[in-house]
Chemist: 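One structure follows; several queries about it will come next.
Source: prediction; values computed, not measured.
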Amino acid sequence: MTGLIAFLVGLVFALGLGVGGMTQPPRVLAFLDVAGAWDPTLAFVMAAAVAVYAVAARVAGHQAHPVYAATFALPTRRDIDPSLVGGAALFGVGWGLAGLCPGPALTSLGSGAPAALLFVVAMLAGMMLATRSQRRVAGLVAP
Amino acid sequence: MDSSTILPALAGGTLIGLAAAALLLLSGRVAGVSGIVGGLLAPQAGDTAWRVFFVAGLVAGGMLLPALVAEPFRGLDVTTPARLVAAGLLVGFGARLGNGCTSGHGVCGVSRLAPRSLVATATFMATGALTVFVTRHLLGVLP
């Protein structure tokens, strides 16, 4: 059941990205081009997604547990630390360079385009580098 | 930008929100793509299959998109391979370091007014816009 749900969620998520224009880098870049020919389309994508999800989040707050799982696996941290800000900052730079982020990039693999594969491979490498460097830092500061 | 882009944007965002809502209410998980993929890079028994199914769903959705949307991947190769690799590395590294991306922080976190997500989203929006400004308007290297 978990697998089927995950697959269908991914499928609809991808359709949403595509219908909303997130899989078109020029549209994403135009959204980030605040000083130029600004395209606010993506603001509407995010606004709609946030509005719908906010309702779900409230409903979830009243549920003892998810329908098909024992517990909710939600983030609990509330601290603002350098990793959060630094990571987000770097993420934004990458996003602004090619107009792609994880969801649209993986969705684009469905197109068979080499550009999508290139980005995804680099993205996975970047993820592994982050995990490795975090472990190294943890090793340095651990008693 | 006009109604021909606003309506699909709202529709796309709604689909994204619904997909993420389903994952939350049914499986108790955050639809943060970088987090879901990140968990695959350090696989833990019993926590891997659903992630694979989710990614498979994204790719399957991508394969379906051309039937629903005209030019869903328009401009995927708008930038050079070198920039795609640099962008991918930064997006992957930054997302892991910052514990999230546009879906995890931008949609799921912001909807819950989670402080970390509000800060992360504001940060990557800012550096994303700054990057486009520098590359497009100062350096003139992006299309």
Chemist: Could you measure the distance from the CZ atom of Phe93(B) to the CE atom of Met127(A)? Nearest 0.5 Å is fine.
Modeler: 12.0 Å

Chemist: Could you look at Phe73(B) and say if it's the side chain, the backbone, both or neither that has a heavy atom under 4.5 Å from chain A?
Modeler: both

Chemist: Of all heavy-atom pairs between Thr131(B) and Gly96(A), which one has the smallest distance, and what is that distance?
Modeler: CG2-C, 3.8 Å

Chemist: Identify which of Ala70(A), Gly21(A), Ser108(A), Ala125(A) forms the greatest number of heavy-atom pairs closer than 4.5 Å to chain B.
Modeler: Ser108(A)

Chemist: Roughly how far, to the nearest 0.5 Å, is the OG atom of Ser111(A) from the CG atom of Leu65(B)?
Modeler: 10.0 Å

Chemist: Taking side chain as C-beta onward, heavy atoms only, is Leu26(B) less than 4.5 Å from Pro66(A)?
Modeler: no

Chemist: I'd like to verify something: which residue of Ala114(B), Ala49(B), Ala95(B) has the highest number of heavy-atom pairs under 4.5 Å with chain A?
Modeler: Ala95(B)

Chemist: Less than 4.5 Å to any heavy atom of chain B: does that hold for the side chain of Val93(A), its backbone, both, or neither?
Modeler: both

Chemist: Go through the atoms of Val69(B) and report whether side chain, backbone, both or neither lie under 4.5 Å from a heavy atom of chain A.
Modeler: side chain

Chemist: If you count heavy-atom pairs under 4.5 Å between each of Cys101(A), Ala89(A), Ala54(A) and chain B, which one has the most?
Modeler: Ala89(A)

Chemist: Top residue by heavy-atom pair count (under 4.5 Å) with chain A, among Ala9(B), Ala22(B), Ala21(B)?
Modeler: Ala9(B)

Chemist: What is the distance from atom CZ of Phe44(A) to atom CD1 of Ile6(B), rounded to the nearest 0.5 Å?
Modeler: 4.5 Å

Chemist: Quick one: which of Thr71(A), Thr107(A), Thr2(A), Val12(A) has the most heavy-atom pairs under 4.5 Å with chain B, could you say?
Modeler: Thr107(A)

Chemist: Considering residues, nucleotides and ligands other than Phe53(B), do more than 12 of their heavy atoms fall under 6.0 Å from its CZ?
Modeler: no

Chemist: How far apart are the closest heavy atoms of Pro72(B) and Gln24(A), and which atoms are they?
Modeler: O-CG, 3.4 Å

Chemist: Quick check: closest heavy atoms across Ala49(A) and Val107(B), and the distance to 0.1 Å?
Modeler: CB-CG1, 3.9 Å

Chemist: Under 4.5 Å between any side-chain heavy atoms of Leu24(B) and Tyr53(A), yes or no?
Modeler: yes

Chemist: Please rank Ala86(B), Pro66(B), Cys101(B), Ala42(B) by heavy-atom pairs under 4.5 Å with chain A and give me the top one.
Modeler: Cys101(B)

Chemist: Looking only at heavy atoms and a cut-off of under 4.5 Å, which of Tyr68(A), Trp95(A), Phe91(A) has the most pairs with chain B?
Modeler: Phe91(A)

Chemist: What is the minimum heavy-atom distance between Phe133(B) and Ala35(A), and which atoms define it?
Modeler: CD1-CB, 3.5 Å

Chemist: Which heavy atom of Gly62(B) sits nearest a heavy atom of Ala14(A), and at what distance?
Modeler: N-CB, 4.1 Å

Chemist: Can you confirm whether Val91(B) sits close enough to Leu100(A) that some side-chain heavy atom of one is under 4.5 Å from a side-chain heavy atom of the other?
Modeler: no

Chemist: Does Asp33(A) reach the side chain of His137(B), with side-chain heavy atoms less than 4.5 Å apart?
Modeler: yes

Chemist: Contact between Pro102(A) and Val37(B) at the side-chain level, heavy atoms closer than 4.5 Å - yes or no?
Modeler: no

Chemist: Heavy-atom distance under 4.5 Å to chain B: side chain of Leu15(A), backbone, both or neither?
Modeler: both

Chemist: Counting only heavy atoms not in Arg58(A), do more than 12 fall under 6.0 Å of its CZ?
Modeler: no

Chemist: What residue in Ser111(B), Gly61(B), Gly17(B) has the most heavy-atom pairs under 4.5 Å with chain A?
Modeler: Ser111(B)

Chemist: Taking it one step at a time, do Gln134(A) and Leu97(B) satisfy side chain to side chain contact (heavy atoms under 4.5 Å, CB included)?
Modeler: CA-CA 8 Å; Gln134(A) 281 175 314; Leu97(B) 192 64; 3.9 Å; yes

Chemist: Can you tell which part of Val85(B) gets under 4.5 Å to a heavy atom of chain A, answering side chain, backbone, both or neither?
Modeler: both

Chemist: Of the backbone (N, CA, C, O) and the side chain (C-beta and beyond), which part of Asp77(B) lies under 4.5 Å from a heavy atom of chain A, both, or neither?
Modeler: both

Chemist: Run the side chain to side chain contact (heavy atoms under 4.5 Å, CB included) test on Val9(A) and Arg29(B) for me, step by step, so that the C-alpha distance in whole Å, both residues' side-chain angles and the decisive distance to 0.1 Å come before the verdict.
Modeler: CA-CA 11 Å; Val9(A) 166; Arg29(B) 294 249 174 216; over 6 Å; no

Chemist: Take Leu84(A) and Val119(B), measure what side chain to side chain contact (heavy atoms under 4.5 Å, CB included) needs, and give me the verdict at the end.
Modeler: CA-CA 8 Å; Leu84(A) 179 80; Val119(B) 170; 4.3 Å; yes

Chemist: Please identify, among Gln63(A), Met46(A), Arg77(A), the residue contributing the most non-hydrogen atom pairs under 4.5 Å to chain B.
Modeler: Arg77(A)

Chemist: With rounding to the nearest 0.5 angstrom, report the CG to CG distance, Leu58(B) to Leu17(A).
Modeler: 7.5 Å

Chemist: Does a side-chain heavy-atom distance below 4.5 Å link Phe13(A) with Leu15(B)?
Modeler: no

Chemist: Measure the CG-CE distance between Leu109(A) and Met63(B) for me, rounded to the nearest 0.5 Å.
Modeler: 11.0 Å

Chemist: Non-hydrogen atoms of chain A under 4.5 Å away: do they reach the side chain of Leu68(B), the backbone, both or neither?
Modeler: side chain

Chemist: Just wondering, do Val30(B) and Pro75(A) contact through their side chains at under 4.5 Å, heavy atoms?
Modeler: yes

Chemist: May I ask you to name which of Val52(A), Leu124(A), Leu11(A), Val28(A) has the most heavy-atom pairs under 4.5 Å with chain B?
Modeler: Leu11(A)

Chemist: From Thr135(B) OG1 over to Leu29(A) CG, what is the distance, rounded to the nearest 0.5 angstrom?
Modeler: 7.5 Å

Chemist: May I ask you to test the Phe119(A)-Arg83(B) pair for a side-chain heavy-atom distance under 4.5 Å?
Modeler: no

Chemist: Show the numbers, then the answer: is there a side chain to side chain contact (heavy atoms under 4.5 Å, CB included) between Asp81(A) and Arg116(B)?
Modeler: CA-CA 9 Å; Asp81(A) 67 336; Arg116(B) 282 172 60 84; 3.3 Å; yes

Chemist: Considering all heavy atoms of both residues, which atom of Phe7(A) and which atom of Ala60(B) are nearest to each other, and what is their separation?
Modeler: CZ-CB, 3.8 Å

